[in-house]
Amino acid sequence: MQRIDQHIREITLKAVEALWGTILPEEQVQIQKTRRDFSGDFTVVVFPLLRYSKQSPEETGKALGRQMVEQSDLIDGYNVIKGFLNLIVAQRYWKGLLEEDLRTPRYGSSPVKEDAERVMIEFSSPNTNKPLHLGHIRNNLLGHSVARILEASGKVVRKVNLVNDRGIHICKSMLAWQLEGKGRDPASAGMKGDHMVGDYYVRFDQIYKEQIESLVQNGVSRKDAEQEAPVLLQAREMLRKWEADDPEVRQLWETMNSWVYEGFEDTYRRLGISFDRTYYESQTYSLGKEIVLKGLKDGVLYRKADGSVWADLEDEGLDHKLLLRSDGTSVYMTQDVGTAHQRYTEWPFDSHIYVVGNEQNYHFQVLSIILKKLGFAWAEKLYHLSYGMVELPEGKMKSREGTVVDADDLMDEMETTARQMSEELGKLSSYREDEREQIYRKVGMGALKYFILKVDPKKNMTFDPRESVDFNGNTGPFIQYTYARIQSVLRKGHRIQRAVGSLDLIEKEIALIRMMFDYPDVITEASRALNPSLVANFLYELAKEFNQFYHDHSILSAESREQVRQRLLLVEVAGRIIESGMALLGIEVPDRM
RNA sequence: GGUUCCGUAGCUCAGUUGGACAGAGCAACAGCCUUCUAAGCUGUGGGUCGCGCGUUCGAAUCGCGCCGGAAUCACCA
């Protein structure tokens, strides 16, 4: 079935030609959805046409409207207000849409074609020295959702994770454990491995500070004390041993990392995210060196007297960037050059998205330029999905002040709130315990995920814990509730066949269908802009529209049997779109709540 | 100082390529459950869209300049 907006575009062109003998370029036709406060479905803006009609906006709109109604049997009527021609679309069209398009199970998603675009997306990228926190949650949810949205828009997606499993920060945890925790492991301590390792990281910092203080007391300058504190020297020594493949250090490193991974796995599972491939920095940190050396040979890069290798980016308005240290080792940038190349070799992609916070904007700007300088054609296909910081009402999260919101704690809290809320309402008392728990989980996680994903990724956001556990208004649970209501109606009317009938749709029904008509475009736009918030806001609008309809009109007790059948179809379709849209956000919907 | 991003109601946020008097939610107040789930629906109040100039028939949206905030500019990641 041809899209009605496309149809309107075409007949507008024809009408203009018939009326004023001008063939105007398609872009000149501006079609938008009619605003709520006016009657009509679609609006043609007539201002750009005045130069052809040589008449007033009102006359132009009227002439055009008259002509279009005559030309098309899908346009039932029109009205002109100021320079806006509002068109009323025929019932026939909306019913056809409901019956043929909206009804198809995968409505809104594009099929993956043979030559589909291949997109690699990196997200999560945690350090193995501490558990995941609220900031990681935004990253993970964004990455997962964008991956889903890209898939729905017909792309082949590969999700990858890059774990920062080496470096001085890991050694700090290891050292603190050696000093104070020998013999302890997550099982014996009864805690998650990532939390336990994180505690030792914090403990290291405490010891470090104590040592600085005592050095200062003994007359050492603070600056020197910070450099000479025994634990810091020990940690550095440990890193050196790690790099020298010292068996004992490596063994400890393996053990503690494995604790962390078990913890992460648990958190990922609860968040509902997964990866097609996980890379470890311990295996990639020396990558890129050869590429850089080749770049040096080709004269793209240059070497300083001390042996370090640099890229000159002054032509791009930036400064100079180090790529190899004077001792020949790689830096982060070098590593990213290497991993990008490795990934492209393993899985040739058409584009590569990095979901990384906006504090690394400069890094990715430079990465892309350097890769281009080094001659990689795909350098232009790297996108940095740069998202804003998550702040608390009282300001930034600071680990030193203990204001970091832990991911696991947060999920626990959300589920607890969902449980309390549900028990207060008492709607689920007749269900089994495990069924109820599943619902609390879905609702709690839905609230958290929606709260974060409804905000435009590039904006910094405030996470107010009080607000996040509000399940009314523009929230995940509101949308889930709408879905549960729909399922309830469908259960009660499951014997009745769902079908479009011969009677006219009422205004609210058309409003719903018109909104669902937009769903494919919403996915396309969200995919283009890498922005799940567009899907979130669409679903909220749809749920709100549905609730109004639900409130004003009875579905199962509609006036006629035919109307019941038609409404049930409409309701079923709305439910399916809510379900599929929420899935794009990684949110599950409960059948009851 | 350079670069990038943000500035919309008391608070949290929408506002697709410029279009009709700028929208939601929360908070406040007032209503609606013998009928399909009231985690819902309806109503009231609340705004110089940071400021100024410009482009345009038309600017929250585009351009320029200010003001305010964030991030970044390491032989850290």
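Sequence lines set the chain letters: A, B, ... in the order given, protein chains first and strands last, and positions in each chain run from 1.
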(request) Using heavy atoms to find the nearest nucleotide of RNA chain B for A:His320 and A:Phe84 separately, return the residue whose nucleotide is more 5′. (result)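 The residue closer to the strand's 5' end, by nearest nucleotide, is A:Phe84.
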
(message) On RNA chain B, does the nearest nucleotide to A:Pro48 precede the nearest nucleotide to A:His169 from the 5' side, or the other way round? Give the residue.
(response) A:Pro48

(request) Nearest whole angstrom, please: distance from the P of B:rG40 to the CD1 of A:Ile578. (result) 14 Å

(request) Measure the distance from OH on A:Tyr52 to C1' on B:rC57 and round it to the nearest whole Å. (result)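 One finds 15 Å between C1' of B:rC57 and OH of A:Tyr52, rounded.
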
Indicate whether OP1 or OP2 belonging to [N] is found under 4.0 Å from a side-chain N or O atom of [X].
X	N	result
A:Lys82	B:rC21	yes
A:Arg51	B:rC57	no
A:Arg35	B:rG23	yes
A:Gln548	B:rU42	yes

Between [options], which nucleotide has the shortest distance from any of its atoms to the side chain of [X]?
X	options	result
A:Ile81	B:rC36, B:rA20, B:rA77	B:rA20
A:Tyr362	B:rU42, B:rA20, B:rU72	B:rU72
A:Tyr550	B:rC76, B:rU37, B:rA24	B:rU37

(message) My validator wants the stems of RNA chain B: runs of 3 or more consecutive Watson-Crick or G-U pairs, both distances under 3.5 Å, written as range with range.
(response) B:1-7 with B:67-73, B:10-13 with B:23-26, B:28-32 with B:40-44, B:50-54 with B:62-66

Could you check whether [X] gets within reach of a base, just the sugar-phosphate, or nothing at all, counting any heavy atom under 4.0 Å?
X	value
A:Asn531	nothing
A:Leu534	sugar-phosphate
A:Met461	sugar-phosphate
A:Arg592	base
A:Ser533	nothing

Pairwise [atom1] distance, [M] and [N] [rounded to whole Å]:
N	M	atom1	result
B:rC26	B:rG63	C1'	37 Å
B:rU61	B:rG46	P	24 Å
B:rG43	B:rU56	P	41 Å
B:rC5	B:rA9	C1'	24 Å
B:rC67	B:rG50	C1'	7 Å
B:rC13	B:rG31	P	32 Å
B:rU12	B:rA27	C1'	11 Å
B:rG19	B:rU37	P	41 Å

(request) Look only at the side chain of A:Thr60 and the backbone of A:Ser56, and say whether a donor-acceptor pair between them is shorter than 3.5 Å. (result)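 Pair found, side chain donor or acceptor close to backbone of A:Ser56.
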
(request) Please answer whether the main-chain N or O of A:Met389 pairs with a side-chain N or O of A:Asn460 as donor and acceptor at a distance below 3.5 Å. (result) yes

(message) Using a 6.0 Å distance limit plus a 45 degree cone around the ring axis, check whether A:Lys304 lies over the aromatic ring of A:Trp310.
(response) yes

(request) Spell out yes or no: do the side chain of A:Asp37 and the base of B:rC21 have one donor N/O and one acceptor N/O closer than 3.5 Å? (result)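 Donor-acceptor pair under 3.5 Å: yes.
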
(request) Using only heavy-atom distances, decide whether a donor-acceptor pair under 3.5 angstrom links the side-chain of A:Asp336 to the base of B:rA77. (result)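 It does not, because no donor-acceptor pair links the side chain of A:Asp336 to the base of B:rA77 below 3.5 Å.
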
(message) Short of 4.0 Å, heavy atom to strand atom, which residues of residues 451-460 of chain A count as contacting RNA chain B?
(response) A:Val455, A:Asp456, A:Lys458, A:Lys459, A:Asn460

(message) Tell me which residues in residues 473-486 of chain A lie within less than 4.0 Å of RNA chain B, going by non-hydrogen atoms.
(response)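 The stretch gives A:Gly473, A:Asn474, A:Phe478, A:Tyr481, A:Ala484, A:Arg485 as the residues lying under 4.0 Å from the strand, ordered by number.
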
(message) Using the ring centroid of each side chain, check whether A:Tyr540 and A:Phe478 are separated by less than 6.0 Å.
(response) yes

(request) Indicate whether A:Phe47 forms a stack on B:rG19; treat it as stacked only if centroid distance is below 5.5 angstrom and interplanar angle below 30 degrees. (result)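 It does: the ring sits over the base of B:rG19.
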
(request) Supply the atom-to-atom distance A:Tyr354 OH to A:Asp336 CG, rounded to the nearest 0.5 angstrom. (result) 5.5 Å

(request) Quick one: classify the glycosidic conformation of B:rC33 as syn or anti, with syn meaning within 90° of 0. (result)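 Syn, which is what one calls it when the glycosidic angle falls within 90° of 0.
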
